[in-house]
Each structure stands twice: as C-alpha cells, then as structure tokens.
Amino acid sequence: MKRILGEWHGRKTIPLLASGECIITFCEDGTAKANGKVKILGDTMNVSADDICWEHCGENRFVGKYRDYQIEFIIQNGCLKTTVNPYKLGAVTNPKYDMNIPLEMKRR
C-alpha cells in the first residue's frame, strides 16, 4: 500500500487536439489531492480536486473516487498508470471530449 503514497506527476499530449499536466498526491489517510491543467483547442482550464478518496485493492492496484467518478491506478515498473476522462472528471464541460485517455505518471 505504501508504494502509492507521495506525489506523482504526468503529462500527456494528443497532437493537434489537447495537452495536459497533472500532479496527484496520495496521503496515508486514504485521501488524495490533484492539480492539473488541460489545454484543448486553445482553451486552457485549471483543474483542482482535494476530495479524492482512494483504497488499496491488492498488490499493485488502487481505486480512487472523485464525486461519482471511479478511477483505477496501477503501479508498474516505477510508473503509476491510469486512464482519465476529462469530461467525466469535470475538467471540461463539452461532451465532445468524453474520451478515455491513458496516462502514466512518475514519482516526484
């Protein structure tokens, strides 16, 4: 369980469409905080969430919950891997961006 604790950083670019950057900090009490910036077609949105809860689901798997959204985290080869949906997370309001985007993060 302790392997997920601390701060993780990731960046993702989808050429000609979007880019994003995220920092998420997992705390021992089962909470997490995330800050990020998403840029889609020239519009930049800042995203901040300090009410994330997470739990250990066995070996290298963790599940986080933010509002009604559930997100799985897997630690593999020193990376934290997940798939994010900017629309479901509330980072963007346009349903046209309801897409699942794989993201890898490194420990900071």
Side-chain angles (χ1 to χ4, degrees):
M1 176 175 105
K2 300 234 183 234
R3 293 179 8 181
I4 199 169
L5 298 179
E7 189 173 275
W8 298 80
H9 178 260
R11 288 186 179 144
K12 180 76 175 193
T13 299
I14 301 171
L16 304 175
L17 177 64
S19 64
E21 183 173 8
C22 177
I23 296 171
I24 186 165
T25 304
F26 292 91
C27 304
E28 259 187 89
D29 65 358
T31 63
K33 296 178 182 185
N35 289 295
K37 186 183 291 189
V38 178
K39 188 174 186 177
I40 299 178
L41 298 175
D43 290 329
T44 301
M45 289 138 287
N46 292 311
V47 182
S48 182
D50 60 1
D51 54 348
I52 301 168
C53 297
W54 65 271
E55 62 184 53
H56 186 217
C57 296
E59 209 157 312
N60 63 347
R61 290 187 55 244
F62 303 84
V63 173
K65 293 183 182 178
Y66 174 67
R67 297 182 184 161
D68 293 331
Y69 187 68
Q70 186 168 305
I71 186 169
E72 182 178 41
F73 298 97
I74 297 172
I75 297 177
Q76 190 174 46
N77 300 324
C79 289
L80 183 68
K81 298 181 179 191
T82 189
T83 300
V84 295
N85 184 309
Y87 177 72
K88 289 180 180 173
L89 281 170
V92 296
T93 56
N94 190 331
K96 134 173 149 175
Y97 302 115
D98 184 359
M99 60 182 82
N100 295 321
I101 302 167
L103 178 63
E104 287 189 15
M105 302 175 149
K106 299 276 187 184
R107 188 178 297 282
R108 281 186 106 168

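No experiment lies behind these values; they were computed from the predicted model shown. Residue numbers start at 1 and run along the sequence shown. Side chains are part of it too, since the values below use all heavy atoms of this structure and drop only hydrogens, waters and symmetry mates.
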Got a list of side-chain donor-acceptor pairs under 3.5 Å for residues 84-92, not counting sequence neighbours?
residue	atom	partner	partner atom	Å
N85	OD1	Y87	N	3.1
N85	OD1	K88	N	3.0
N85	ND2	D98	OD1	2.7
N85	ND2	M99	O	3.4
N85	ND2	N100	OD1	3.2

Legend entry - Joint cluster assignment, F26 & Y69, ILVMFWY side-chain distance < 4.5 Å: yes
Legend entry - Test side chain to side chain contact (heavy atoms under 4.5 Å, CB included) applied to W54 and I4, I24, I71, the passing residue: I4
Inset, instruction - Would you check if the side chain of N35 reaches a backbone N or O of I23 as a donor-acceptor pair within less than 3.5 Å? - result: no
Inset, instruction - Could you tell me the separation between the OG1 atom of T25 and the CG atom of D50, rounded to the nearest 0.5 Å? - result: 11.5 Å
Legend entry - salt_bridge(E72, K81) N-O dist < 4.0 Å: no
Legend entry - Separation of R67 CZ from I52 CD1 (nearest 0.5 Å): 10.0 Å
Would you be so kind as to tabulate the donor-acceptor pairs closer than 3.5 Å made by side chains of residues 101-108, with sequence neighbours excluded?
residue	atom	partner	partner atom	Å
R107	NH1	L5	O	2.5
R107	NH2	R3	O	2.2

Legend entry - hydrophobic_cluster_shared for I74 and F62, side chain cutoff 4.5 Å: no
Inset, instruction - Measure from the side-chain N and O atoms of D29 to the backbone N and O of T31, and report whether any donor-acceptor pair falls under 3.5 Å. - result: yes
Legend entry - Residues forming a salt bridge (charged side-chain N to carboxylate O under 4.0 Å, His left out) with K65, sequence neighbours excluded: none
Legend entry - For the student: nearest non-hydrogen atoms of M45 and I40, plus distance: CE-N, 4.3 Å
Inset, instruction - Quick one: pull up SG in C27 and CD in E7 and give me the separation to the nearest 0.5 Å. - result: 10.0 Å
Inset, instruction - State, yes or no, whether a side-chain contact exists between L80 and T82 at a heavy-atom distance under 4.5 Å. - result: no
Legend entry - Side-chain touch E21/H9, heavy atoms, less than 4.5 angstrom: yes
Inset, instruction - Find the distance between CZ (R61) and CD (Q76) and round it off to the nearest 0.5 Å. - result: 12.5 Å
